[in-house]
Each structure stands twice: as C-alpha cells, then as structure tokens.
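Notes follow once the structure below has been shown.
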Amino acid sequence: MTVRTRFAPSPTGYLHIGGVRTALFNWLLARHYGGQFVLRIDDTDQQRHVEQAVARIVEGFRWLGIDWDEGPEVGGAAGPYFQSQRTEHYRAAAERLMASGHVYRDYSTEAERAADRAAAEKAKRAYRFRRIEYTEEQLRQFESEGRPYALRFAVPPGRTLRLDDAIKGTVEFATDEIGDFVILRPDGSPLYNFASVVDDVTMGITHVIRAEEHLSNTFPQLLIFEALGARLPVFAHVPYVAEPGSKAKMSKRKMEEYAKAGILLYLHDYIERGYLPEAVLNYLARLGWSYDGTQEIFTREELIEKFTLERVNSSPASHDQDKLFWIEGEWMRAQPMDRKVAGCAEFLAREGLVRLPLDPATRSRLEAVITALGDRLKTFSDVVKLGRYFFTETLTHDPDAVRKRLRKDGVVEMLRELDDLLARTEPFDLATLEAAVHAYAEQTGRKMGDVVNPLRVATTGQAVGPGLYDCLVILGRESCRRRIGETIAMLERGGATGT
RNA sequence: GGCCCCGUCGUCUAGCCAGGUCUAGGACACGACCCUUUCAAGGUCGCGACACGGGUUCAAAUCCCGUCGGGGUCACCA
C-alpha cells in the first residue's frame with residue numbers, strides 16, 4: 001500500500017508557520033515512503049478571493065520546495081481538489097448513510113437548540129444534541145410544508161472508541177460524550193468533520209497528520225469512517241506551536257502584538273526578508289521533531305530519509321526565532337557565490353540600488369561586497385542593511401557613529417591627511433592601503449583604532465561593517481576621497497545631528 | 001464545568017515505551033575570556049532543567065496515583 005498524505009489549507013492566503021510545519025510533516029512522510037502528497041483546498045466557507053489566496057499558498061509551498069502530486073495546478077485522478085467542487089461526493093455519501101440508517105433528518109429550530117444549550121449550561125453539563133423523535137404525522141407535515149432539515153449522525157450510545165494515534169499513542173473516548181452532529185446543513189453544504197472524512201476516503205488518504213486541536217474531532221470522524229465501511233487511515237496529531245518563550249498557544253488576536261515584538265509568524269514574512277528556503281524547511285522540521293538529539297542541520301534529502309512520525313514530540317514546541325536565525329546563517333554560509341549574488345541582487349534592485357539584470361561591473365562589485373561581508377550576511381536582505389553604501393553615492397551618516405568616532409578634536413585635520421594619503425597610495429589595493437594606514441598611525445603616534453574607525457565612518461557613514469580596507473578597495477579611490485570631503489564639510493557645518 | 005491531550009535547562013531537544021550506564025547529553029540564546037580597527041565569524045570556559053507531592057522498587061527523569069499548570073473539545077466554525 002502506498003502512503004498518501006494530504007494538507008488541506010483554507011484559502012486565506014496566509015500560511016502560518018504552524019500550518020506549514022504540519023504540511024511539511026505530511027510531505028516528509030509521503031516522500032519518506034515514496035508515496036504521494038495531496039494538496040486540497042478547504043473552501044467550504046464561501047470565501048471571496050479564493051484564487052488569489054490559493055496562488056499565495058501555492059507560491060509559498062513552491063518556494064519551500066514542498067511539491068504536491070495532486071491538487072491545484074497539477075490535477076490528479078482523485079480530483080477535484082477544491083472542496084467547493086466536491087458537493088456531489090458529500091451528497092452521495094450522505095445518501096448512503098441515510099439508507100443505512102446512520103443519519104437522520106433533524107427538523108429542530110435554532111431557538112430550540114439555543115434553549116437546550118442554555119439549559120445545559122445552567123445545569124453545568126456539557127451540551128449534547130440528542131435525536132428528537134417526531135411522530136409520523138409531524139414528519140408528514142414538516143415535509144409538506146417544506147420545512148428545512150439538517151442531516152445528523154446518530155451517535156451510538158455506550159461505546160468506547162479507541163484511537164491509536166501515531167504521535168499521541170492510544171486514546172479512548174466514550175461515544176456518550178459526543179452529541180449527534182450535523183453532517184449536512186439544510187442547504188446541502190457539508191460540515192468539516194464530514195467533508196474531511198469523505199475526502200480522505202475518496203482520495204485514498206492513508207495517513208492523516210494534522211494539528212492536535214483535531215484530536216477530539218477524530219472520534220466523530222471515526223464513526224463516519226466506520227459507517228461508510230471505509231478503511232481507517234493512520235492518525236497523527238501534531239502538537240501546537242506555542243508563543244516564543246512560553247508554552248501558551250499562539251493566538252490570532254495577539255498577532256499584532258507579536259508583530260510589534262518582531263516575531264514573524266507567516267511564511268511570507270520570511271520570504272520577504274530574504275531567508276533561504278532550505279533554512280526555513282530545516283528549522284520547521286526540527287520544531288517538534290528530532291533525529292538523534294544532536295543533529296541540527298539537515299538537507300531536504302536527509303529530512304526525507306530520516307523523518308518518521310515516531311520521532312515527533314508529543315508536547316508543544318514554541319517558535320524560536322533565534323534558532324531559525326542561526327540555522328539561516330549556517331545555510332547562508334554554505335551557499336555558492338552565484339546563489340548569493342542572485343538573492344542579494346533582487347533585494348538591491350527592489351531598493352533601486354542596482355538594475356536587473358546585473359551589468360558585469362555591478363556584478364563583480366556585488367561579488368566583492370558579498371565576499372567582504374562574509375558571515376555577516378545571514379539573509380539576502382542583509383545586503384541592503386549592511387552594504388547599501390556600496391551601491392549609492394549618497395552618503396548617509398549614522399548619527400551615533402558620527403558622535404562616537406568623528407566629533408573629536410583633530411579628526412577633521414586627520415581626515416585631510418588621510419585623504420591625502422589615499423590620493424598618494426599606489427596601487428590602491430588591500431595590502432598597500434593597510435601598510436599605508438599602519439605607517440600613518442605610527443608616524444603620527446595614533447592608535448590604530450583612532451585612525452581606522454573615523455576613516456570607516458567618513459567613507460561608509462557607518463560604525464560597523466566589513467574590514468576597512470575591503471571597504472576602501474571596493475569603493476575605489478575617487479569615491480573614498482569624495483566621501484571624506486563630504487564628511488569634512490558635514491562636520492564643519494555641524495551636521496548629522498551634532499553640534 | 002464534563003471529556004481528552006501535554007508537562008526535562010529561558011528555548012529546540014536526547015534519555016522515558018523495555019527502571020540502574022543520568023553527579024541528565026547536544027543545540028540556540030545568554031555571560032566571561034581569547035582573537036581583533038568596528039561588527040560578525042571562530043576558539044575556550046561558564047550559567048542553566050527532570051512542574052509538585054505521594055507510592056512501587058535495592059534503585060525512578062523513566063512505572064502507578066494525586067495535585068498544579070498549559071492546551072484542545074463539547075457549533076447547522078474549520
């Protein structure tokens with residue numbers, strides 16, 4: 001039997017990190033066993049911009065390298081893959097259950113149910129819908145007046161359901177805890193528990209890996225599988241992803257708060273910041289799963305080879321952005337120059353700092369910048385943050401840097417001397433410049449830091465960055481001298497928020 | 001509230017199922033030092049956990065019970 005897994009996002013367009021992890025586990029399991037991964041769109045709600053949302057979801061998975069064997073854009077034999085287009089399946093399944101006596105027509109009104117629920121609440125009991133027995137006469141009357149009805153599942157009393165969950169282990173649940181639940185609304189639209197089972201059965205899903213909030217839902221679903229005479233899939237309920245630094249579940253209401261705190265929760269946040277898909281994939285896989293307790297870095301292939309459900313943790317994991325950032329750094333360091341150039345160029349172009357495609361001169365400058373940046377480059381967008389001044393002649397001084405390094409007695413004088421030194425240094429390369437600056441410091445009796453740091457700020461505007469001589473060489477003699485002149489002018493007029 | 005799931009360093013986790021090898025291992029973060037013109041990187045060292053209470057046992061992070069804490073579910077939401 002080949003393994004078939006699925007992920008069924010609702011088309012809001014936002015791929016939450018927890019959801020992506022669930023999808024990843026499904027994908028990994030399918031690939032591990034050489035099976036298929038199905039993408040199914042859960043659009044049972046009447047949503048408005050389904051197409052755009054699906055495009056975004058598709059884009060997210062493609063970016064990560066999670067491919068699907070069946071689903072939107074690729075089709076497949078078990079289609080359609082949009083629940084809104086599968087109403088015929090739900091209707092047919094409901095009819096079978098009706099014929100076999102597993103479901104019944106419920107004519108109850110909203111008011112009746114609300115009253116029951118209120119009574120249950122008042123009595124501090126759980127509310128369970130129980131079948132209302134109508135007389136033949138009532139039924140005839142309801143039918144003749146066309147009174148709307150929902151289809152409900154008649155839950156058998158007194159049974160204990162048993163689930164062997166691949167992550168949670170054996171879980172038992174009494175059917176007495178389950179009220180008769182609706183499978184089809186009066187308008188014929190299915191409810192999640194029903195649609196999900198019908199789809200899983202008709203699509204031949206063998207392993208249902210989903211968020212643990214569905215664990216309790218599984219028991220009514222078990223009843224539906226049974227009534228349909230379908231073979232049970234393996235269930236695996238994955239623990240939720242908690243807030244950073246806590247065991248509390250992330251809440252949708254606190255999204256703005258998280259964003260303010262710099263916590264990124266959507267896949268697209270990471271795409272937009274220029275993270276590497278390999279790193280995000282690696283991080284997500286390790287969140288709640290481990291191989292041997294020591295290995296942290298996994299390639300896509302290793303993940304496929306090593307992933308099993310037994311190694312998925314049964315307790316919640318909280319999102320650890322620092323760790324993701326570290327993994328990102330590890331992956332970035334391992335990338336070849338071409339990949340870094342391509343990734344960085346995109347972000348520079350977005351800022352209007354370079355034009356695509358790169359001309360040869362810009363390309364070789366970018367390569368030099370990337371080499372100089374070294375491990376400081378963690379995400380592609382870092383090239384903008386750390387190396388902007390290499391791609392624009394507009395010098396922007398960081399006020400803190402100016403205050404700390406330039407607003408000192410004698411600095412302007414020294415900068416004039418250094419400008420003169422740069423004018424004379426020949427050739428204008430790393431070794432020669434380094435020797436020249438060293439000699440200058442020695443001759444004038446200055447500490448290296450007192451020469452190098454002001455020179456850095458004078459040429460780049462920033463207090464931090466790659467090695468100074470790397471910067472000077474990449475900028476070139478003319479640009480360096482022009483910038484020094486500009487800095488001196490700025491200092492003399494008391495600019496960059498100083499006095 | 002009933003029912004169900006979960007509880008090892010701040011965080012991700014190994015160990016738990018098959019009790020001793022655990023004075024609990026690794027990683028991120030954090031701190032110190034080294035290197036160093038800045039910031040990273042790298043190196044060395046350090047800080048730091050079995051939620052709590054009982055029980056079983058010669059022996060418990062591991063098995064059992066209870067408490068506490070977190071989460072889910074009890075919808076004509078998904």
Side-chain angles (χ1 to χ4, degrees), chain A residues 8-10 12 42 44-45 106 108 110 113 117 120-121 123-129 148-152 163 165 167-169 171-174 176-179 181-187 189-193 195-196 211-220 237 239-240 242 244-249 283 286-297 310-311 313-327 329 333 373-378 382 386 401 404-405 434 437-438 441 447-457 460 462-469:
Chain A
S10 59
T12 62
D42 186 353
T44 46
D45 285 356
D106 166 35
S108 69
E110 173 117 43
R113 295 192 302 273
R117 194 166 311 151
E121 208 167 305
K124 287 191 131 188
R125 310 189 307 266
Y127 166 68
R128 315 251 179 259
F129 186 94
Y149 58 87
L151 245 37
R152 277 191 194 262
L163 169 71
D165 192 273
I167 293 172
K168 298 289 184 182
V171 183
E172 293 189 338
F173 205 90
D176 293 339
E177 300 287 340
I178 309 169
F181 52 91
V182 173
I183 63 165
L184 241 43
R185 295 189 184 91
D187 68 0
S189 63
L191 271 91
Y192 170 79
N193 269 339
S196 174
E212 86 177 316
E213 65 198 77
H214 291 291
L215 185 58
S216 300
N217 284 146
T218 305
F219 296 93
H237 288 92
Y240 63 92
S246 124
K247 286 290 178 204
K249 199 188 181 215
Y283 165 75
R286 279 287 287 102
L287 191 64
W289 173 84
S290 74
Y291 176 63
D292 58 8
T294 59
Q295 184 173 354
E296 301 290 347
I297 303 299
E310 297 85 77
R311 301 291 306 176
N313 217 112
S314 58
S315 57
S318 64
H319 174 45
D320 185 352
Q321 219 158 249
D322 288 334
K323 187 127 186 189
L324 170 49
F325 193 63
W326 173 76
I327 292 175
R333 178 206 305 265
L373 246 21
D375 290 336
R376 296 171 188 83
L377 187 82
K378 309 260 193 210
D382 285 342
L386 302 173
K404 191 169 169 210
R405 303 295 192 191
E434 184 164 5
V437 173
H438 267 278
K447 282 189 276 186
M448 277 304 283
D450 292 338
V451 178
V452 158
N453 288 317
L455 185 52
R456 170 194 302 286
V457 181
T460 69
Q462 307 298 311
V464 301
L468 174 67
Y469 310 109

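Order of the sequence lines fixes the chain letters, A, B, ..., with proteins taken first and strands second; residue numbering starts at 1 for each chain.
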[X] near the nucleic acid: base, sugar-phosphate alone, or nothing, with a heavy-atom cut-off under 4.0 Å?
X: A:P239; result: nothing
X: A:G467; result: base
X: A:A317; result: sugar-phosphate
X: A:F325; result: nothing
X: A:G374; result: nothing
X: A:R113; result: base
X: A:E296; result: base
X: A:S196; result: nothing
X: A:P186; result: base
X: A:H319; result: nothing
X: A:L191; result: sugar-phosphate

Looking at [N], I'd like to know if its phosphate oxygens (OP1 or OP2) sit under 4.0 Å from a side-chain N or O belonging to [X].
X: A:S318; N: B:rC12; answer: yes
X: A:R333; N: B:rG42; answer: yes
X: A:R185; N: B:rA75; answer: no
X: A:R405; N: B:rC39; answer: no

Less than 6.0 angstrom separating the ring centers of A:Y192 and A:H214, yes or no?
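When the ring centroids of A:Y192 and A:H214 are compared, they turn out to be within the sub-6.0 Å range.
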Quick one: does any side-chain atom of A:R128 pair with a main-chain N or O of A:E177 as donor and acceptor, under 3.5 Å?
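Yes; judged by distance alone, with no hydrogens or angles, the pair exists.
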If we ignore hydrogens and angles and just use 3.5 Å, is the side chain of A:D106 paired with the main-chain N or O of A:Y149 as donor and acceptor?
no
What's the closest nucleotide to the [X] side chain, out of [options]?
X: A:F173; options: B:rA27, B:rC5, B:rC3; value: B:rC3
X: A:V464; options: B:rU38, B:rG70, B:rC74; value: B:rU38
X: A:N217; options: B:rC76, B:rA78, B:rA40; value: B:rA78

Using the [atom1] atom as the point on both nucleotides, what is the distance between [M] and [N], in whole Å?
N: B:rG26; M: B:rG46; atom1: P; value: 11 Å
N: B:rG43; M: B:rG53; atom1: C1'; value: 46 Å
N: B:rG15; M: B:rG20; atom1: P; value: 13 Å

Centre of A:F129's six-membered ring, under 6.0 Å away, within 45 degrees of the axis: is that where NZ or CZ of A:R152 sits?
yes
For the base of B:rC39, is there a side-chain donor-acceptor partner from A:R376 under 3.5 Å away?
yes
I'd like to know if the side chain of A:R456 pairs up with that of A:T460 as donor and acceptor (distance under 3.5 Å, no hydrogens or angles considered).
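A:R456 vs A:T460: no donor-acceptor pair found between side chains.
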Please list, for nucleotides 28-33 of chain B, all pairs of protein and nucleotide N/O atoms separated by less than 3.5 Å.
residue, atom, partner, partner atom, Å
B:rC28, O2', A:K323, N, 3.4

What does the list of N/O pairs under 3.5 Å between the protein and nucleotides 15-20 of chain B look like, with a distance for each?
residue, atom, partner, partner atom, Å
B:rG15, OP1, A:R311, NH1, 2.9

With sequence neighbours excluded, what pairs up with A:D320 under the side-chain contact (heavy atoms from CB on, under 4.5 Å) test?
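Counting only residues at least two positions away or on another chain, A:D320 forms a side-chain contact (heavy atoms from CB on, under 4.5 Å) with A:Y283, A:D322, A:K323.
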Most 5' of A:N453 and A:Y240 on RNA chain B, judged by nearest nucleotide
A:N453
Closest-nucleotide 5' rank along RNA chain B - winner of A:P148 and A:K247:
A:K247
Are the side chains of A:K378 and A:R333 in touch, meaning some heavy atoms are under 4.5 Å apart?
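No, their side chains stay 4.5 Å or more apart.
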